[in-house]
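Heads up: the structure comes next, in structure tokens.
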Amino acid sequence: MTQSAAAPAAEKTAPPAPPPRRPALGLRADVRTLSLLGVLAALVLIGGITQPDSFLDTNNVQLILTQASVIGVVTVGMTFVIISGGIDLSVGAIVALASVWATTVATQDYGFAGILFTAVAVGLACGLVNGMLIAYGGMVPFIATLAMLAAGRGLALQITDGKTQMVTVDGVLKLGERDSYILGIPPLVLVFAAVTVVGWLLLNRTTFGRRSVAVGGNAEAARLAGIDVRRQRLYLYLLSGLCCGIAAFLLIILSGSGQNTNGNLYELDAIAAAIIGGTLLVGGRGTITGSVLGVLVFITIQNIFALNNLETATQQIAKGAIIVAAVLIQRRTARD
């Protein structure tokens, strides 16, 4: 009996070896962030060597940060949308529509508050339409936001009749002057910093952020886990619209006007910045920090090209090469 009882024990096999450990998500995110910081440092070095007098000048640094602020705010909203597995091609058109609606004569009669409220309200309204069509109408995000792009541009052109609408409200114009800088920092940069911090906290420290990542990673699994996927998607497009409204107000301060051509190609710049920042186009992963660094990389490249009188075509080619490289790196990282 001892031998028969011991037989089954002898036949037991050793437990399978655990699969090889993959690098932690946080570690990979840190590597991407450090890589982007390295790229940004290299660009600063190139700018300092090619144009030492102009590039490192305080005024030029303020210009880079100010230009990054507008598209940066849009990129924060875009990052949330892409993380959830969606896309928003209408952000540039929403910025244009919000900027022209907020600078009409009727709106400016209400002063600073009227312009700010209108810009944000128009952004939220457009985000609501996008969200309803996608979340509850069952439309593909690409098609729904493409339709909003066309409609928004058309309405902006109709409002302005192709003319530039100049801002006459002193409270708005003064924010674009150097006298309003706080410790040498333009107000637009401070708004961008605030939006970035709020976006980071929202993504990394709240249930909303975790739900956004879950929906982008596996929408069906998220639904089975009790997440209202449709409502979450609606909220995400509302957030994107809100960011567009804020960006429109910043653009009004920066240019002192509203034009139907505002926000041209913002959708491509925002998507590109999010991609090189590590946000997966298929959803489920992304960082606000990476997206912001992506914006700074693109704006710095534009600035260096402008200072060196290089052609816009060359700049676009360089931007396209960076996007392709970022996507290839993403695919390699996903396999590792």
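Keep in mind the model is a prediction, meaning the values are calculated, not measured. Along the sequence shown, residues carry numbers from 1.
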Side chains of [X] and [Y] in contact at under 4.5 Å (non-hydrogen atoms):
X      : Y      : answer
Arg233 : Tyr136 : no
Leu236 : Phe208 : yes
Asn59  : Leu63  : no
Asn260 : Arg153 : no
Leu173 : Val167 : yes
Leu124 : Leu128 : no
Val292 : Phe192 : yes
Arg178 : Gln62  : yes

key: CZ (Phe117) with more than 12 external heavy atoms under 6.0 Å   = no
Can you tell me how far the [atom1] atom of [X] sits from the [atom2] atom of [Y], to the nearest 0.5 Å?
X      : Y      : atom1 : atom2 : result
Asn308 : Thr50  : CG    : OG1   : 4.0 Å
Asp170 : Leu175 : CG    : CG    : 11.0 Å
Ile301 : Leu310 : CD1   : CG    : 12.0 Å
Ser69  : Ile246 : OG    : CD1   : 12.5 Å
Trp200 : Ile288 : CH2   : CD1   : 10.5 Å
Cys126 : Leu155 : SG    : CG    : 8.0 Å

Heavy-atom donor-acceptor pair, [X] side chain to [Y] backbone, under 3.5 Å:
X      : Y      : value
Thr279 : Ile275 : no
Ser291 : Thr287 : yes
Asn60  : Leu56  : no
Asn303 : Ile299 : no
Gln108 : Thr168 : yes
Thr107 : Thr103 : no

ask   = Could you go step by step and tell me if Gln259 and Ser99 meet the side chain to side chain contact (heavy atoms under 4.5 Å, CB included) rule?
value = CA-CA 7 Å; Gln259 305 176 52; Ser99 69; 6.0 Å; no
task = Go through Val44 and Phe55 one step at a time and tell me if the side chain to side chain contact (heavy atoms under 4.5 Å, CB included) criterion holds.
result = CA-CA 8 Å; Val44 171; Phe55 181 78; 4.1 Å; yes
Treating Ile, Leu, Val, Met, Phe, Trp and Tyr as nodes and any side-chain heavy-atom pair under 4.5 angstrom as an edge, say whether [X] and [Y] lie in one connected cluster.
X      : Y      : value
Leu307 : Leu45  : no
Tyr266 : Leu97  : no
Leu239 : Val91  : yes
Val189 : Leu250 : yes
Leu190 : Leu116 : yes

inquiry  = Determine whether the aromatic ring centres of residues Tyr237 and Phe80 are separated by less than 6.0 angstrom.
reply    = no
Kindly list each side-chain donor-acceptor pair under 3.5 angstrom involving residues 83-90, sequence neighbours excluded, with atom names and distances?
from, atom 1, to, atom 2, distance (Å)
Ser84, OG, Val81, O, 2.6
Asp88, OD1, Ser90, N, 3.0
Asp88, OD1, Ser90, OG, 2.6
Asp88, OD2, Ser240, OG, 3.0
Ser90, OG, Asn130, ND2, 3.0

task = Check which hydrophobic residues are tied to Tyr110 through side-chain heavy-atom contacts below 4.5 Å, counting indirect links as well, and list them.
result = none
Tell me the closest heavy-atom pair linking [X] and [Y], and the distance in Å.
X      : Y      : result
Leu296 : Ala68  : CD2-CB, 3.9 Å
Ala274 : Ile82  : CB-CD1, 4.1 Å
Ile94  : Cys244 : CG2-CB, 3.5 Å
Ile71  : Ala270 : CD1-N, 4.1 Å
Gly199 : Val76  : CA-CG1, 4.3 Å
Leu251 : Gly263 : CD2-N, 4.1 Å

query = Should Phe112 and Phe249 be marked as a ring-ring contact (aromatic ring centres under 6.0 Å, His included) after you check the CA-CA gap, both sets of side-chain angles, and the distance that decides it?
reply = CA-CA 10 Å; Phe112 183 98; Phe249 183 70; 5.4 Å; yes
query = Going through the distances and angles, do Thr145 and Ile134 end up as a side chain to side chain contact (heavy atoms under 4.5 Å, CB included)?
reply = CA-CA 9 Å; Thr145 58; Ile134 294 167; 4.2 Å; yes
remark   = Sequence neighbours excluded, the answer for salt bridge (charged side-chain N to carboxylate O under 4.0 Å, His left out) partners of Arg210 is none
inquiry  = Under a 4.0 Å threshold between the charged nitrogen and the carboxylate oxygen, would Lys174 count as salt-bridged to Glu177?
reply    = no
message = If you apply the rule side chain to side chain contact (heavy atoms under 4.5 Å, CB included), what do you find for Leu149 with Glu267, and how did you get there?
response = CA-CA 10 Å; Leu149 184 155; Glu267 54 277 356; 4.1 Å; yes
ask   = Does the side-chain hydrogen bond (donor to acceptor under 3.5 Å, both in side chains) test come out yes or no for Gln165 and Ser257, once each step is laid out?
value = CA-CA 5 Å; Gln165 298 177 163; Ser257 63; over 6 Å; no
